[in-house]
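The analysis underlying the following values was restricted to heavy atoms, covering all of them including side chains, and did not include hydrogens, waters or symmetry mates.
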Amino acid sequence: MRSSSTSVALAVVLSAGLASIARAADPPPLPAPPPTTVHRAEGPIIVDGDLGDAGWKNAATIDQFYETSPGNNVPAKVKTTAYITYDDHYFYIGVRCEDPHPEQIRAPYVDRDAVIGTDDNIAVFLDTRNDKRTAMELRVNPRGIQGDGIYNDTNGNEDFSPDFYYDTAAKIDAGGWSAEYRIPFSSLRYDDKDTQTWNIMIWRNYSREFRYAFGSAPIERSSNCYVCHMRPLIGLTGLPKAGHFVAAPYVTAQTTETPEAGPGSPLQRDPLHKDAGIDVKWTPTATNAVDMTVNPDFSQVEADIAQITVNQRFAVFYPEKRPFFLEGFDLFDTPLQVAYTRTITAPRFGARTTGRVGNTAYTLLIADDKGGGLTILPGPLGNDFALQDFKSIDIIGRIRHQLGASFVGAVLTDREIRGGGHNRVFGPDFQWRPGDQDAITGELLLSQNENPSRLDLSSSWNGERSTSHAAYAGWNHNAQKYDWFVEGKDAGNAFRADLGFVPQVGYREVDGGGGLRFYPEHSLLRFVRPSIFVDQQADLDGNTIYRRFSPGINVLGAKNLQAQATLLIKNQTRVGSNLLEETYLNWFVQLDPSGRFPRITFNGRAGDMIDYANGRVGKGSSLGLAATVRPLDRLTFEPNISHEWLNTDSGRLYTADVEYLKTTYSFSSKALVRIIGQYVTTNRNPSLYGFQVAPHSGSFLGSVLYSYKINWQTVLFLGYGDDRTITPSNYLVKLDRSLFFKVSYAIQK
């Protein structure tokens, strides 16, 4: 049996080999652009997509753009000019996008946050704290529709969950298109100084025969950071300090019909359910935000797309979408995910403060949770769940102190259960960046746990107490011609993070890998990366849990082609007391063919497949197909199909399918109607299982929603839902149906 130390040695040797293969020095980097000096606007600016207003006349100008993909910091193929100015209340950005073929501009009507790389758009990356760690990302397409999020240099994550207040408008004309931004200073967090230094990147997405990326600063291929390359902005003075207030009350009403005597029986109408609540945001200083919520509405107007989980060992992760949790969302992003706010299922009220003092950023969240849902009970080979039907006070805190391009930080989570019991996790983390090519990251956590005494909910809720630890260390290195990484994890058997997403504990793991980078010129392929990955995971007694050796290749090319294939050779996984071996191929292909067929994605695996339920190896496959079809700029179809099957020596064990279709028609940039149908089925052969299973199971979810959004908190929703379930006899019967109404209005002062 190969030991963990052997895996470490293999990863180190692999890294050294990659470096020796590509010993040719990287070309010298282009000089960083000089700071841009911003002046106050000399006249008014009306945000209508027209850059002819008097306020733009003395605006700072950025007109040097670099093609960073697929080209290597070469001059951009089409001209882009950005203008920047401000007044007492707003920060303004105007962008002129020239286009020799305006008829090819991809400008669909889409929902907010659906402005993606398949279509023309502008993204403004804005670092107002001048720490070059994270940046707001504010997008706009040629229809003036917004998409916003946070880009985090710590791990390269681009998260579109957070939302911000800002105004946009855009116009298409015979020479291209123009866009305007008006960003309230109240939406920004900056230091309490009279003279500011910020950082900015203006980025243009230009999808034609290739997906071209044009940026206002060069980015070296050897770099492992993005925000660090942004262009400095200076000259901002006399900005407002504090006092912005937003209150967003909401009212909902829902009428539901449910079966009188179980699924399939006649429906009867339940009493009308009415609810109301309020979200409040106050910025007492320019560096601090206070969020409060009373009886928040955490209903999702769009359900998570189902995933096939019939043959999974560990819980499936879903992203956070609820507004109250999203201020300073990037601070929760640590190597070990001990802060996962979806574990707070039904808070009655909550409060949060997020801000910055000097070079130190912080956030502290407190919520009174009514409970519901499930708690993950992690283990080395899989996880169980226990009912979370109890009230609790939940606390999540995070602090991060900048040290140049590096940082040190700490995280705290605490669930105090009413009636007895708690789960507390605390520990430091850091990231050291000695240069643009290297990032060394680490985290150490301690947990203290007392289970509630609730045997009526779960045999695990037995009042037992425990303490344990978890740790992570990793080193990532990028060069233009190669890259490599190595990382290690250690989690004690009793480690628990009930307010996080940690489904596996009781193991030690070392993994690493790397690849060579090739950039063919004048080819349909513009990037080719052959790679190798190795992984060794063992329990705390030294028994192998998981072992992997996998060569692979990924390529980028014309029509935004992204393709990857990985061959897992004699991959070993422990199931019970047996170490099972499988060899299989994973693949992923994505293509953006045209404006009418913006995206097609195909992924899957084929070969050996472990039957985790019965502890054996069979032959199986999983396939996924997703697409975006847009016959009209206002009409979009998004089918998503998943299919999985597993055969044993005795025949087909199961077949599982997810069939999903979302259809959206946009009346304008603010109003749309959306129809969703989702059908999930699993068919099993009970005779091939070692325990009792239903031969058929599944569900159908259908919904129709009318949505009108002035901004992300001033909204009107009117919807209808129809849920059905599949019986063991394979009949689809009624589960419930409902009508839903919500109105929310953001009051700003």
Side-chain angles (χ1 to χ4, degrees), residues 91 110-116 121 123-129 131 133-140 145-168 181 183-190 198-201 203 226-227 230 244 246 248 279-283 286-293 296-298 300-302 304 317-334 337 339-342 344 350-356 361-365 367 396 398 400 501 709-715 744 746 748:
F91 183 68
V110 295
D111 199 0
R112 196 178 196 278
D113 279 345
V115 179
I116 61 174
N121 67 79
V124 172
F125 295 86
L126 198 57
D127 167 30
T128 56
R129 294 187 173 106
D131 61 10
R133 300 301 311 161
T134 60
M136 298 172 64
E137 182 178 352
L138 308 177
R139 292 189 181 187
V140 64
I145 299 171
Q146 301 173 355
D148 51 0
I150 292 288
Y151 190 94
N152 189 349
D153 251 0
T154 302
N155 49 24
N157 281 356
E158 189 177 27
D159 193 323
F160 286 94
S161 299
D163 293 299
F164 306 100
Y165 285 104
Y166 65 108
D167 298 309
T168 54
Y181 291 79
I183 308 167
F185 286 116
S186 57
S187 289
L188 307 176
R189 307 288 175 259
Y190 45 84
W198 295 356
N199 299 288
I200 195 169
M201 176 78 78
W203 179 86
Y226 184 83
V227 178
M230 295 166 67
H244 186 64
V246 179
D279 290 333
V280 175
K281 183 183 289 288
W282 174 48
T283 55
T287 60
N288 180 255
V290 176
D291 290 271
M292 293 169 283
T293 187
D297 173 39
F298 287 166
Q300 300 300 318
V301 297
E302 181 173 345
D304 298 306
F317 178 87
Y318 291 99
E320 180 62 86
K321 300 178 181 179
R322 303 172 295 180
F324 171 70
F325 294 111
L326 299 179
E327 174 77 33
F329 194 73
D330 58 290
L331 288 173
F332 289 151
D333 213 346
T334 59
Q337 191 158 8
Y340 178 51
T341 51
R342 284 188 72 143
I344 304 174
R352 184 176 182 187
T353 178
T354 305
R356 183 184 180 94
Y362 64 87
T363 187
L364 178 65
L365 180 153
I396 301 177
R398 170 82 167 126
R400 187 176 70 194
F501 187 81
K709 299 179 183 178
I710 295 177
N711 56 53
W712 64 278
Q713 279 190 308
T714 301
V715 299
S744 174
Q748 303 187 59

Could you walk me through whether Thr154 and Asp333 pass side-chain contact (heavy atoms from CB on, under 4.5 Å), step by step? CA-CA 9 Å; Thr154 302; Asp333 213 346; over 6 Å; no
Using 0.5 Å steps for rounding, measure from the [atom1] atom of [X] to the [atom2] atom of [Y].
X	Y	atom1	atom2	answer
Asn121	Ile145	CG	CD1	11.5 Å
Thr341	Ile396	OG1	CD1	6.5 Å
Tyr151	Asp127	OH	CG	13.5 Å
Tyr340	Phe332	OH	CZ	13.5 Å
Asn152	Thr134	CG	OG1	6.0 Å
Lys281	Arg352	NZ	CZ	8.0 Å

Sequence-distant partners of Val715, side-chain contact (heavy atoms from CB on, under 4.5 Å), two or more places apart: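 With sequence neighbours excluded, Val715 shows a side-chain contact (heavy atoms from CB on, under 4.5 Å) to Lys709, Phe717, Ser744, given in chain and number order.
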For Ser186, enumerate each residue passing the side-chain contact (heavy atoms from CB on, under 4.5 Å) test, keeping only those at least two apart in sequence or located in another chain.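 Pro184, His244.
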Are the side chains of [Y] and [X] in contact, using a 4.5 Å heavy-atom criterion?
X	Y	result
Thr354	Arg189	no
Thr353	Tyr362	yes
Val140	Val115	no

Taking it one step at a time, do Asp291 and Asp279 satisfy side-chain contact (heavy atoms from CB on, under 4.5 Å)? CA-CA 7 Å; Asp291 290 271; Asp279 290 333; over 6 Å; no
Tell me whether [X] contacts the main-chain N or O of [Y] through its side chain, where contact means a donor paired with an acceptor under 3.5 Å.
X	Y	value
Gln146	Tyr166	yes
Asp148	Asp113	no
Asp153	Tyr226	yes
Ser187	Tyr165	yes
Thr714	Ala746	yes

Could you pull out the closest heavy-atom pair between Asn199 and Met230, with the gap in Å?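 Heavy atoms only, the tightest pair is O-CE, 3.2 Å.
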Please confirm whether Phe164 and Trp712 have ring centers closer than 6.0 angstrom. no
Between Phe91 and Trp198, is the gap from one ring center to the other below 6.0 Å?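 When the ring centroids of Phe91 and Trp198 are compared, they turn out to be within the sub-6.0 Å range.
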Could you walk me through whether Leu365 and Ile344 pass the side-chain contact (heavy atoms from CB on, under 4.5 Å) check? CA-CA 11 Å; Leu365 180 153; Ile344 304 174; 4.0 Å; yes
With side-chain contact (heavy atoms from CB on, under 4.5 Å) as the test, would you mind laying out the steps for Glu137 and Trp203 before giving the verdict? CA-CA 10 Å; Glu137 182 178 352; Trp203 179 86; 5.6 Å; no
